[in-house]
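In what follows, a structure is listed as C-alpha cells, so that the remarks can point back to it.
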Amino acid sequence: MLDLKFIRSHPELVKAGAAKKRMECDVERILELDESNRQAMQAMDELRSKQKQAGKAIAEAAPEERAQLAQNQKGLKTELKECSEGQALIEAELNELMLRVPSVPAEEVPEGVDDGDNVELRKWGEPRSFDFSVRSHIEIGEMHGWLDIVRGARLAGSRNYVLKGDLCLLEHAVLRYALDTMVGKGYTAVTVPTLVRTQTMVGTGYFPGGEDQAYRCDERDDLCLVGTAEVPLTALYQDEILDGADLPMRLVSSSTCYRREAGTYGKDTKGLYRVHQFQKVEQVVIDVADEGRSIEHHLAILDNSEQILQALELPYRVVNVCGGDLGQAQVQKFDIETWMPSREGYGETHSASRFYDFQSRRLSLRYRGEDGKVRHCHTLNNTVAASTRMLIALMENHQTASGQVRVPEPLQLYLGGRELLPA
RNA sequence: GGAGAGGUGGCAGAGCGGCUGAAUGCGCCACAUUGCUAAUGUGGUGUCCCUUCACGGGGACCCCGGGUUCGAAUCCCGGCCUCUCCGCCA
C-alpha cells in the first residue's frame, strides 16, 4: 500500500508507475474520495466534539434537568449517525482502491510488457554440451523409480507427483544445504504456519488480486494455504512496533508451498516444472526505512542464491524484471533462471523482490528509530532453493550417459557421501 | 467435541455507564543529588487521523465488529484469541 499522503502530493508519479506496470489505477477517483473523506471526517469530529461537551453538561446538571438536556441531544445523535454512515461508504471505497494501487517501480526497472522484455544482467556457467542423448528429469526419474507422476495425479489430481528413494533424499539434501548455508550467513531459521488468515494474505500484497492462485479453506475457517513462506515470515511481526536496534532482521524458513496455478492450462504440463505443491527455502529481510539499505539487501539476497547455484555447479542467468512483468507490490525484482537441458533454455528458479514499505503499510509493521520516530519497515525476499525446480536442474545438468546423477560436492554430505545417484 | 475463566498502555495490574487515554507498580527517558555504580527525588513517557507556517486545536483507539444510551473500557449480541478441566487424537 502506498501512503495516501504520497499519492496526494505525487499523483503523476503514481500514475506513471502504474502505467509502467501495465496496471489500472484510478488515481483521480482516489483523490476525490480522499477529499470527501476528509471533509466527512471533519464534520464528524465537530459533531462528536459537540456531543462530548453536551455529555459533560448533562453529567454536571442537576438530576431533574437531565431528562430535558438529554432530549435535546437526540437530534445530534441522528445527525452523527447519518454522517458516519456516509463517511463509512466513502472510506470503504477508498480502502478498496488503495489496496489495488501498485507500488511505484524503481527507475532501473526496464520498460516492457511481459517476461520477453526482461533484461538479462549476467550469465554464470556454461550450459554443458552432452556427447550422449540427453534425458529429461522425467525420464531419469522414472527409469529409477524415483518419480511417480501417475500415482501423484491419482492421489491429488494433475500437477502432483510422488518422489521416492534417492530423489526424495536429494530433495531433502538440497533443502537442508540451503537452510544450513543461510544459517551460516547469520539468518535465523524459523518454522512458520503455511496456513494463514486472509488478512495476512492481504497484508503481504497477494490479496486482493491473487485469490485465484491460492488454495483457501471453506467458510468454516478463514484460512489460506500459502504459496511461499514469504507470507508468514514477512507478516511475522505484523501490527507490532519493533525496536530499531533489532533491525535488520534476517529470516529463513523451509516450508511447503501451495499454488493453484489457475490459468496455466496446457502450460508446462510435463514433469516437475509447474506443480501444485513443492518445498522451498525462502529468505526474508526486514529493515529500517532506508532505500539505500534496501538496495544493498536486495543485492545481498540475490548474491546469496547465486552462491548456492554456483556451489551446485548449475549454470544460470540473472534478469532484471520489466515493468509489465512486475507484481503490484514489488518495486524491483530480479529473477534467477537456471539452465534446464530438457527445456533447452533457462527456467525461473528464484525471484528476489524488494518492496520498500509497501508490505509494511498493509501489515502495519513498524519500528522505532534512533530518533524515537515510528516508521514502516522495509521488506525484501528471495528464494534460496525451491525443491522441484532445483531437482530438475540437478538431475538434468548433472546426468551421466547411463542416466545416473552426479551429486555436487556440497550435497554429498547430506547423501551419505555418495557422488552418484543411484550409487 | 463438552464445561468454565479471561482478553486494558513496553510489561504487571486497577477500573461505579458520565469527572478515564485510562489509577498504581515496574521498565524507559530527562533533570537533580551522589567519588563511580547503586539508591533516592522531580518531571516526562502510546498509536493513528484531521487542522495549523508555528504555538496549538479537534477526533479515534481499553482484542475485532455490531447494538443499547444524551453518553460505553464499563451493559447486550456475534466473531477472533488465550488459559483451566474433561473427552478424543498425530
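Here is how names work: the chains are called A, B, and so on, in the same order as the sequence lines, proteins then strands, and each is numbered from 1.
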Salt bridge or not for E108(A) and R354(A), using N-O below 4.0 Å?
yes

Would you kindly give the [atom1]-to-[atom2] distance between [X] and [N], to the nearest whole Å?
X	N	atom1	atom2	answer
L47(A)	rG59(B)	CG	P	12 Å
M44(A)	rC61(B)	CE	C1'	13 Å
D239(A)	rC80(B)	CG	C1'	13 Å
Y237(A)	rG10(B)	OH	P	17 Å
D3(A)	rC48(B)	CG	C1'	12 Å
L365(A)	rU47(B)	CG	P	16 Å
E91(A)	rC61(B)	CD	C1'	13 Å
I241(A)	rU45(B)	CD1	C1'	14 Å

Strand partner of [N], provided both Watson-Crick or wobble distances fall under 3.5 Å:
N	result
rG21(B)	none
rA14(B)	none
rA60(B)	rU47(B)
rG41(B)	rC31(B)
rU84(B)	rA3(B)
rC75(B)	rG67(B)

Under 4.0 Å from OP1 or OP2 of [N]: is there any side-chain N or O of [X] that close?
X	N	value
R368(A)	rU47(B)	yes
S49(A)	rG58(B)	no
K56(A)	rG18(B)	no
R38(A)	rU51(B)	yes

If we take the [atom1] atom in both [N] and [M], what is their distance in whole Å?
N	M	atom1	value
rC81(B)	rC26(B)	C1'	26 Å
rC62(B)	rG15(B)	C1'	10 Å
rC36(B)	rC31(B)	P	15 Å
rU45(B)	rG10(B)	C1'	11 Å
rA22(B)	rU47(B)	P	14 Å
rA90(B)	rA5(B)	C1'	28 Å
rA60(B)	rG41(B)	C1'	37 Å
rG44(B)	rG25(B)	P	13 Å

For N382(A) and E282(A), test the side chains for any donor-to-acceptor distance below 3.5 angstrom and give the result as yes or no.
no

Please classify the nucleic acid contact of [X] as base, sugar-phosphate, or nothing, using heavy-atom distances under 4.0 Å.
X	answer
E46(A)	nothing
K77(A)	base
K52(A)	sugar-phosphate
R8(A)	sugar-phosphate
K373(A)	nothing

[X], nearest nucleotide to its side chain (from [options]):
X	options	answer
R366(A)	rC50(B), rC48(B), rC70(B)	rC48(B)
Q51(A)	rC48(B), rC70(B), rA60(B)	rC70(B)
Q42(A)	rC48(B), rG46(B), rU51(B)	rU51(B)
R197(A)	rC48(B), rC81(B), rG59(B)	rC81(B)

Does the side chain of [Y] come within less than 4.5 Å of [X]'s, by heavy atoms?
X	Y	result
R135(A)	M143(A)	yes
H144(A)	I140(A)	yes
E419(A)	R406(A)	no

Should the pair R389(A) and F278(A) be classed as cation-pi, given the thresholds of under 6.0 Å to the six-membered ring centre and 45° from the axis?
no

When rounded to the nearest 0.5 angstrom, what distance separates OG in S84(A) from CE in M44(A)?
5.5 Å

